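This report refers to the structure that appears directly beneath it.
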Amino acid sequence: MKLAVTVPDRLVVRTTPVADPGDLVARLPHPAALAWIRHGEGIVGWGEAARLRLPGGEDRFAAADRWLRELFGAASVDDPVQVPGSGPVAFGSFGFDPKSPDSVLIVPRWVVGRRDGVAWLTTVGADADPLALVREPAAPSRLSWSDGALSAPAWEQAVERAVERIRSGRLGKAVLARDLYARADEPIDARVLLRRLADRFPGCYTFSCAGLVGATPELLIRRTGDRVDSLVLAGTTARGGDPEQDARRAERLFASPKDRQEHAYAAEMVRDALAPLCAELSVPDQPELLRLPNVMHLASAVHGRLNEARSVLDVVAALHPTPAVCGTPTDTALDLIRELEAMDRGRYAGPVGWVDARGDGEWGIALRCAEIDGTRARLFAGCGIVADSVPADELAEAQNKFRAMQYALEG
């Protein structure tokens, strides 16, 4: 694998405790933002001390981990804080498909973080004022919208073909995604989207990395020392318009054979992927309901302890892609996605998050997101297709899932 690398000979990293920084998004001085925030805690970064672009391949996670081990191992690090996310950190997002060339890791020059009452500033290099590049965020203006690879009717036809394949016994589930384009008059500022997403979806993981911005409800994996945690989401319904309708929809979702089957596929895969890596593993027998402002999901919280020292990227490699974003069996579902979606997902539905020099980190699945490129935003939404799926219902679900990023862009 040929890697595209931008890096100095040796990183000089210094982390210092600081007073509570307040709103982390407000600390970002310019649009090239890096972020991972939930309930106001997490890390934000800016500037680039090093960047790695991976051309794709089944070994992209291992290649990224090797590069980071070498880079961080050779660094001069002063880190008296010693919490997950302090010291040198890389933000990353990986292509969904191994064939995608879009995977990237970025080591920022400045990081501000807050966790469990501890706050810190990490600097790489000797620049004196990390807030010198101040530029006020401006909301997107005069947005225009257009279809992506498939129109709504064409995507419904793709869902219908997927259902036919599933009913023929070739696979149990496939996840099909749509894309949608928005264009603004001026370049889109990621900080505006982060601000709106973090405020509206505080329980989600609001992220930004190399132009990929979103708020995902799905925690693929968190590694803290030998402990790992994952949150499996599969099975979705829109929120109701009032408490009574909301309760009825929640009850239907929890009782739905279609959604319970979809969730079982995802939970079983995560269990099977983590079991060889863990000395202890806890997977609930029944899912719970996760309520978000626009949708509800069936959710299973998974917890374990690793049986040996592994970087969070090792665990990411074992888990991706889950049935929640691909299907089952994985290879058959991935082939069907390539055939029916008529697009390259890029980093949508791939792992997104951060990793530090200890191998700790948090990685989500890049859902409810958009890829920002100057004045253009490419939005994504996907749905799990099983034998009982109805194309019109799946289209409505995808449209519900688009709304998070449409709100982030339109306000």
Side-chain angles (χ1 to χ4, degrees), residues 13-29 33-47 79-93 106-123 130-131 137 190-209 212-225 227-231 233 290-293 299 301-303 312 315-316 351-369 404 408:
V13 184
R14 185 179 181 215
T15 296
T16 55
V18 296
D20 190 323
D23 180 7
L24 291 176
V25 174
R27 291 287 177 173
L28 292 164
L34 299 162
W36 181 266
I37 301 166
R38 182 173 183 263
H39 288 309
E41 295 207 335
I43 54 175
V44 296
W46 59 96
D79 177 18
V81 177
Q82 291 292 315
V83 298
S86 68
V89 168
F91 290 79
S93 57
I106 298 171
V107 179
R109 299 184 70 183
W110 299 283
V111 173
V112 174
R114 179 175 54 231
R115 173 187 293 270
D116 298 329
V118 177
W120 65 93
L121 168 68
T122 297
T123 60
L131 295 176
R191 295 172 297 173
V192 174
L193 311 188
L194 288 171
R195 168 83 287 134
R196 291 171 174 172
L197 291 170
D199 289 347
R200 178 126 185 215
F201 303 99
C204 290
Y205 297 88
T206 302
F207 61 85
S208 178
C209 180
L212 185 70
V213 182
T216 180
E218 189 143 356
L219 178 66
L220 181 63
I221 198 72
R222 176 192 300 116
R223 187 263 206 189
T224 309
R227 180 183 172 90
V228 290
D229 303 280
S230 181
L231 181 65
L233 303 182
L290 175 66
R291 289 178 167 87
L292 300 173
V302 178
H303 310 287
V312 68
V315 190
V316 169
V352 59
W354 61 270
V355 54
D356 66 17
R358 290 169 288 272
D360 287 336
E362 291 181 304
W363 289 79
I365 298 175
L367 307 174
R368 317 295 196 273
C369 64

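Note that this is a predicted model, so its numbers are computed, not measured. Computed over heavy atoms, backbone and side chain alike; hydrogens, waters and symmetry mates excluded.
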Do Phe91 and Trp36 have their ring centres less than 6.0 Å from each other? no

For [X] against [Y], the heavy-atom pair lying closest together:
{"X": "Pro84", "Y": "Thr224", "value": "CG-CG2, 3.9 Å"}
{"X": "Trp120", "Y": "Gly85", "value": "NE1-O, 3.3 Å"}
{"X": "Val192", "Y": "Pro137", "value": "CG2-CB, 3.8 Å"}
{"X": "Arg196", "Y": "Ala408", "value": "NH1-O, 2.9 Å"}
{"X": "Ala35", "Y": "Val44", "value": "CB-CG1, 4.0 Å"}
{"X": "Leu233", "Y": "Ala299", "value": "CD2-CB, 3.3 Å"}

Residue of the set Val118, Val13, Ile43, Val81 for which side chain to side chain contact (heavy atoms under 4.5 Å, CB included) holds with Ser86: Val81

Mind checking whether [X] and [Y] have side chains closer than 4.5 Å, heavy atoms only?
{"X": "Val112", "Y": "Leu24", "answer": "yes"}
{"X": "Ile221", "Y": "Val312", "answer": "yes"}
{"X": "Glu362", "Y": "Arg38", "answer": "no"}

Between [atom1] on residue [X] and [atom2] on residue [Y], distance to nearest 0.5 Å:
{"X": "Leu34", "Y": "Ser93", "atom1": "CG", "atom2": "OG", "answer": "9.5 Å"}
{"X": "Ser208", "Y": "Leu194", "atom1": "OG", "atom2": "CG", "answer": "5.0 Å"}
{"X": "Cys204", "Y": "Leu367", "atom1": "SG", "atom2": "CG", "answer": "9.5 Å"}
{"X": "Thr206", "Y": "Ile37", "atom1": "OG1", "atom2": "CD1", "answer": "6.5 Å"}
{"X": "Leu197", "Y": "Phe207", "atom1": "CG", "atom2": "CZ", "answer": "8.5 Å"}
{"X": "Asp79", "Y": "Thr122", "atom1": "CG", "atom2": "OG1", "answer": "6.5 Å"}

Between [X] (side chain) and [Y] (backbone), is there a donor-acceptor pair under 3.5 Å?
{"X": "Arg109", "Y": "Gly47", "answer": "no"}
{"X": "Arg222", "Y": "Val228", "answer": "no"}
{"X": "Arg191", "Y": "Ala26", "answer": "no"}

Could [X] and [Y] be called an ion pair, given the rule that one side-chain N must be under 4.0 Å from one carboxylate O?
{"X": "Glu41", "Y": "Arg115", "value": "no"}
{"X": "Arg27", "Y": "Asp23", "value": "no"}
{"X": "Arg223", "Y": "Asp229", "value": "no"}

Are more than 12 heavy atoms, taken from residues, nucleotides or ligands other than Arg14, located less than 6.0 Å from that residue's CZ atom? no

Looking only at side-chain N and O atoms, does Arg368 offer a donor or acceptor that is under 3.5 Å from a partner on Tyr205? no

Can Leu220 and Val316 be said to form a side-chain contact (heavy atoms from CB on, under 4.5 Å), step by step? CA-CA 7 Å; Leu220 181 63; Val316 169; 4.2 Å; yes

